[in-house]
Amino acid sequence: MITKRIIPCLDVKNGRVVKGVNFQGLADVSDPVELAAFYSASGADELVFYDITASAEGRALFTDVLTKVAATVFIPLTVGGGINTVEDFDRVLKCGADKVSVNSGAIRDPGLIAAAARRYGDQCVVLSVDAKRVDGRYHVFAKGGREDTGLDAIDWVRKGVADGAGEIVLNSIDTDGVKQGFDLEMLAAVCDAVDVPVIASGGAGGVQDFVTLFKALPKVDAGLAASIFHFGEVAIPDLKRALAAAGVPVRLI
């Protein structure tokens with residue numbers, strides 16, 4: 001049986017981990033290298049590292065902190081932020097990333113996913129989608145949730161997978177940082193649309209939210225969260241024990 005993955009997310013700005021609500025009001029949390037090492041030792045299945053202002057600031061993802069993080073952890077590392085070209089994929093992978101997450105770059109260049117998948121394989125390419133309800137539809141947002149592209153999120157994930165994305169991270173802006181549970185409705189629509197692993201992001205407030213996620217949507221492969229882990233509200237070993245007790249298959253250490 002395939003185990004469900006628990007993935008902490010490090011949103012990094014100016015070399016520090018930060019966290020906000022609905023993508024706004026970012027507060028300083030911790031040093032990314034120390035936090036990554038802690039999560040690796042705590043039983044996290046993977047780690048996601050986002051340089052959250054790279055796209056909005058029109059610059060390349062910084063690699064000094066990334067290289068230190070990659071050298072610290074012994075679990076798969078997905079990296080995103082400012083990924084606009086195949087050369088950006090190459091640079092990040094050479095820093096130690098296992099997978100590369102692309103968001104705004106794929107919106108700007110619709111051929112980027114296909115080109116990266118051809119060179120590095122589908123398993124290396126993650127399409128991260130920041131989505132929000134607009135007039136009854138799910139719209140894709142770019143530049144860290146700042147810009148409404150007008151793209152339909154369901155059509156966008158279908159295209160991404162057809163082009164070679166091997167995994168989808170769905171970030172619901174509506175539920176991000178609110179801690180009232182994952183966006184089950186939006187996630188269900190994405191799971192029905194594609195046949196690659198889907199990672200749920202945005203809204204986790206406690207252990208029960210993960211139990212509800214995996215029980216309600218068996219197609220969801222992983223739950224991603226930030227603030228509840230960063231601020232010690234939920235410990236990953238406790239979360240995994242609770243999931244196992246609820247009948248959700250997880251990797252225990």
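Remember, it's a predicted structure, so these values are computed and weren't measured experimentally. Heavy atoms only: backbone and side chains are in, while hydrogens, waters and symmetry mates are out. FYI, the numbering just counts along the sequence from 1.
- Dense packing is recorded around NZ of K179, with more than 12 heavy atoms of other residues, nucleotides or ligands lying under 6.0 Å away.
- The environment of I2 atom CD1 is sparse: at most 12 non-hydrogen atoms of other residues, nucleotides or ligands sit within 6.0 angstrom.
- Here K215 contributes atom NZ and Q208 contributes atom CD; the two are 10.5 Å apart, rounded to the nearest 0.5 Å.
- A donor-acceptor contact shorter than 3.5 Å links the side chain of T85 to the backbone of D88.
- By the 4.5 Å heavy-atom criterion applied to side chains, Y138 and V129 are not counted as neighbours.
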Between D209 and T212, is a side chain to side chain donor-acceptor pair (under 3.5 Å) present by the stated rule, with each step listed?
CA-CA 5 Å; D209 291 330; T212 299; 5.4 Å; no
K68 vs E34, test: salt bridge (charged side-chain N to carboxylate O under 4.0 Å, His left out). Steps then yes/no.
CA-CA 10 Å; K68 292 176 184 175; E34 292 177 4; over 6 Å; no
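- Considering only heavy atoms from C-beta on, V190 comes within 4.5 Å of I154 through its side chain.
- Within the 4.5 Å cutoff, the side chain of Y50 has no heavy atoms near those of the T78 side chain.
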Determine whether N171 and S128 satisfy the following criterion, side chain to side chain donor-acceptor pair (under 3.5 Å), listing intermediate values before the conclusion.
CA-CA 7 Å; N171 312 297; S128 179; 2.9 Å; yes
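- Counting only distance, with no hydrogens or angles, the side chain of Q123 and the backbone of Y120 share a donor-acceptor pair below 3.5 Å.
- Between the side chain of R137 and the backbone N or O of A153, no donor-acceptor pair lies under 3.5 Å.
- For D109, there are no salt bridge (charged side-chain N to carboxylate O under 4.0 Å, His left out) partners at least two apart in sequence or on another chain.
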Stepwise side chain to side chain contact (heavy atoms under 4.5 Å, CB included) test for V69 and L47:
CA-CA 10 Å; V69 168; L47 198 62; 4.3 Å; yes
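- Counting heavy atoms from C-beta on, the side chains of V161 and I168 come closer than 4.5 Å.
- The minimum heavy-atom distance linking A204 with F210 is given by the pair CB-CE1, 3.7 Å.
- Side-chain contact between F89 and V79: absent, with no pair of heavy atoms (C-beta onward) separated by less than 4.5 Å.
- Of the candidates T149, D148, D152, H139 forms a side-chain hydrogen bond (donor to acceptor under 3.5 Å, both in side chains) with just one, namely D148.
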With side chain to side chain contact (heavy atoms under 4.5 Å, CB included) as the criterion, how do V250 and D45 come out once you've worked through the C-alpha distance, each side chain's angles and the decisive distance to 0.1 Å?
CA-CA 9 Å; V250 292; D45 296 295; 6.0 Å; no
Evaluate R133 against D183 for salt bridge (charged side-chain N to carboxylate O under 4.0 Å, His left out), listing each step before the verdict.
CA-CA 11 Å; R133 289 166 177 80; D183 197 328; 2.7 Å; yes
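- In terms of modelled atom types and a separation under 3.5 Å, the side chain of H230 and the main chain of P8 share no donor-acceptor contact.
- Interatomic distance, D31 CG to L10 CG, rounded to the nearest 0.5 Å: 10.0 Å.
- With a 4.5 Å cut-off on side-chain heavy atoms, L127 and W156 count as touching.
- For the pair E167/D221, no side-chain contact is recorded, criterion being any heavy-atom separation below 4.5 Å from C-beta on.
- Of all the heavy atoms in A222 and V220, the pair that sits closest is O-CG1, 3.3 Å.
- Atom CD of residue E46 and atom OG of residue S40 lie 12.0 Å apart, to the nearest 0.5 angstrom.
- The distance from the CG atom of D192 to the CZ atom of R158 is 9.0 Å, given to the nearest 0.5 Å.
- Across every non-hydrogen atom of I107 and A142, the tightest pair is CD1-CB, 3.9 Å.
- Without hydrogens or angle criteria, K240 side chain to R251 main chain gives a donor-acceptor distance under 3.5 Å.
- Between D90 and K94, at least one side-chain N (NZ, or NE/NH1/NH2) sits under 4.0 Å from a carboxylate O, which counts as a salt bridge.
- Scanning all heavy atoms of the two residues, the minimum distance from L224 to S201 falls at CD2-OG, 3.3 Å.
- With contacts defined as side-chain heavy-atom distances shorter than 4.5 Å, the pair D238/V207 does not qualify.
- Residues I199 and R5 come closest through the heavy atom pair CG1-NH2, 4.2 Å.
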Go through the steps for I6 and Y39 under the test side chain to side chain contact (heavy atoms under 4.5 Å, CB included), then give the verdict.
CA-CA 10 Å; I6 302 301; Y39 288 139; over 6 Å; no
For a side chain to side chain contact (heavy atoms under 4.5 Å, CB included) check, start with the C-alpha distance between L243 and V211, then their side-chain angles and the critical distance, and finish with the verdict.
CA-CA 6 Å; L243 287 168; V211 175; 3.8 Å; yes
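- The two residues G206 and V234 have their closest heavy-atom pair at CA-CG2, 4.0 Å.
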Do N103 and D130 pass the side chain to side chain donor-acceptor pair (under 3.5 Å) test, and can you show the C-alpha distance, the side-chain angles, and the key distance before you say yes or no?
CA-CA 8 Å; N103 187 331; D130 296 335; 3.0 Å; yes
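- With rounding to the nearest 0.5 Å, the separation of CE in M186 from NZ in K132 is 10.0 Å.
- Between S172 atom OG and F182 atom CZ the span is 10.5 Å, to the nearest 0.5 Å.
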